[in-house]
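To start, the structure under review is shown below, and the notes come after it.
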Protein chains: 2
Amino acid sequence: MRIGELAKRAGCDVETVRYYEREGLLAKPEREPSGYRCYGALHQETLQFIRHGRSLGMKLAEIRLLLDFRHHPEEDCAGVDALLDVQIARVEEQISAMGTLKEQLIALRGECEQRQTNRTCGILRAFNQAAQGQACPCHREG
Amino acid sequence: MRIGELAKRAGCDVETVRYYEREGLLAKPEREPSGYRCYGALHQETLQFIRHGRSLGMKLAEIRLLLDFRHHPEEDCAGVDALLDVQIARVEEQISAMGTLKEQLIALRGECEQRQTNRTCGILRAFNQAAQGQACPCHREG
DNA sequence: TGAACACCCTGTAGCAACTACGGGGTCAAG
DNA sequence: CTTGACCCCGTAGTTGCTACAGGGTGTTCA
């Protein structure tokens with residue numbers, strides 16, 4: 001199949017496929033006499049493997065490792081497990097950080113309930129306070 | 001004060017300060033005869049304003065808008081409010097996406113409880129299934 | 001026959017927000 | 001007078017794509 005068909009099956013962009021090839025994640029395919037890339041089932045599988053990893057938020061470097069692990073079937077899978085653990089920890093950390101952020105933003109948003117002018121807007125005021133090193137509603141403790 | 005002192009006070013890197021100057025967020029400072037940048041309280045305030053916005057996850061383009069709003073004090077602050085609303089929505093969306101991701105990762109992690117080889121590892125198996133278009137533990141519905 | 005159109009090629013640049021050089025100059029202390 | 005901390009500029013790298021520009025290929029419809 002040609003690159004457009006492959007991309008469609010994997011649900012990604014043609015440019016993305018070429019990018020993975022450049023990065024060495026996807027093997028270089030045969031070419032038609034015209035120079036068009038010509039893919040088979042194995043390419044499709046690898047591409048979908050990569051996209052699956054991406055959909056789980058993994059980095060290409062990590063996916064590269066996972067692809068390598070497949071080539072060492074008798075090896076202990078501790079590397080795979082560790083990779084997952086790192087990814088879970090990363091996501092948990094981000095969820096926690098985002099939760100804090102949300103609280104801060106909501107506290108800040110509450111500073112300007114009614115329409116005001118920029119001069120009197122509680123949000124801008126809070127920003128200016130923070131800029132002067134003072135406490136602000138979004139970063140107050142407790 | 002010189003750039004190192006300014007950066008230290010704002011809790012950021014010297015390179016970051018120069019970057020903001022290049023981007024037009026921070027006004028170009030005076031120079032000492034040596035060519036060293038020479039900052040005052042206003043620069044420090046603006047820099048801290050920017051860093052405060054960044055700490056709330058805002059983009060530089062949005063912070064640029066906030067800085068502009070300060071120059072139109074009599075204007076209706078709807079623009080400021082809208083900016084915050086957008087940011088809150090963005091964070092909520094990310095929290096939700098991350099929550100889904102975490103569940104998927106934990107389901108996947110559970111596929112390999114004991115140490116195994118890469119060949120038998122449930123995580124790699126699930127990846128391979130997904131790569132073949134089949135259902136996988138991390139993306140099953142329900 | 002030919003013109004339109006979808007598809008493919010390469011190579012390069014852009015995005016966001018920094019970060020990290022390389023190759024220099026300045027300045028105070030020991 | 002040399003060591004070391006600081007500063008300068010300009011450019012390239014990071015991540016994972018995305019978007020051209022400027023061309024070739026291949027099928028279909030009039």
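A, B, ... follow the sequence lines: proteins, then strands. Residue 1 opens every chain.
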Worksheet entry | Audit row: B/Arg37, B/Glu30, salt bridge (Lys or Arg N to Asp or Glu O under 4.0 Å) steps and yes/no | CA-CA 6 Å; B/Arg37 287 172 180 81; B/Glu30 302 288 307; over 6 Å; no

Should [X] be listed as having a side-chain N or O under 4.0 Å from OP1 or OP2 of [N]?
X	N	result
A/Arg37	D/dT25	no
A/Arg51	D/dC17	yes
A/Arg54	D/dC17	yes
A/Ser34	D/dG26	yes
B/Arg18	D/dT11	no

Fill in: Selected nucleotide, minimal atom distance to A/Tyr36 side chain, candidates D/dG26, D/dG16, D/dT18
D/dG26

Worksheet entry | Ion pair A/Glu92/B/Lys102, N-O distance below 4.0 Å |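 Between B/Lys102 and A/Glu92 there is a salt bridge, with a charged N closer than 4.0 Å to a carboxylate O.
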
Discussion item. Between A/Glu15 and A/Arg22, does any side-chain N to carboxylate O distance fall below 4.0 Å?
Written reply: no

Worksheet item: How would you give the extent of chain B contacts on DNA chain C, as first and last nucleotide 5' to 3' within a 4.0 Å heavy-atom cut-off?
Response: C/dA17 to C/dC27

Whole Å only: how far is the [atom1] atom of [X] from the [atom2] atom of [N]?
X	N	atom1	atom2	value
B/Ile3	D/dC6	CD1	P	13 Å
B/Tyr19	D/dT11	OH	C1'	15 Å
A/Glu23	D/dT14	CD	C1'	11 Å
B/Glu15	D/dC9	CD	P	11 Å
A/Leu47	D/dG16	CG	P	15 Å
A/Asp13	D/dT18	CG	P	6 Å
A/Glu21	D/dC17	CD	P	15 Å
A/Arg2	D/dG26	CZ	P	7 Å

Worksheet entry | Of all pairs that satisfy salt bridge (Lys or Arg N to Asp or Glu O under 4.0 Å), the ones with a partner from residues 38-60 of chain A, not counting sequence neighbours |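 Found A/Glu45-A/Arg70.
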
Discussion item. Regarding D/dG16, can its base be found pairing with the side chain of A/Tyr20 as donor and acceptor, where the two atoms are less than 3.5 Å apart?
Written reply: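 Looking at the base of D/dG16, it does not pair with any donor or acceptor on the side chain of A/Tyr20 (distance under 3.5 Å).
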
Worksheet item: Which comes earlier along DNA chain C counting from the 5' end, the contact point of B/Pro33 or that of B/Ile50, where each point is its nearest nucleotide?
Response: B/Ile50

Item to complete: Would you mind telling me which residue lines up with the more 5' stretch of DNA chain C, A/Cys38 or B/Lys59, judged by nearest nucleotide?
Response: A/Cys38

Worksheet entry | Side-chain heavy-atom pair B/Thr117, A/Glu75 within 4.5 angstrom cut-off | no

Worksheet item: Closest nucleotide of DNA chain D for B/Arg22 versus for B/Gly4: which of these residues is on the 5' side?
Response: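 Residue closer to the 5' terminus by nearest nucleotide: B/Gly4.
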
Worksheet item: Quick check: are there more than 12 heavy atoms from other residues, nucleotides or ligands sitting under 6.0 Å from CZ of B/Arg115?
Response: no

Practice prompt. Please check if atom CD in B/Glu32 has more than 12 non-hydrogen atoms from other residues, nucleotides or ligands closer than 6.0 Å.
Written response: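 Yes.
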
Worksheet item: Do the side chains of A/Leu26 and A/Tyr19 join up, straight or via other hydrophobic residues, at under 4.5 Å, putting them in one cluster?
Response: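 In one cluster with A/Leu26: A/Tyr19, yes.
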
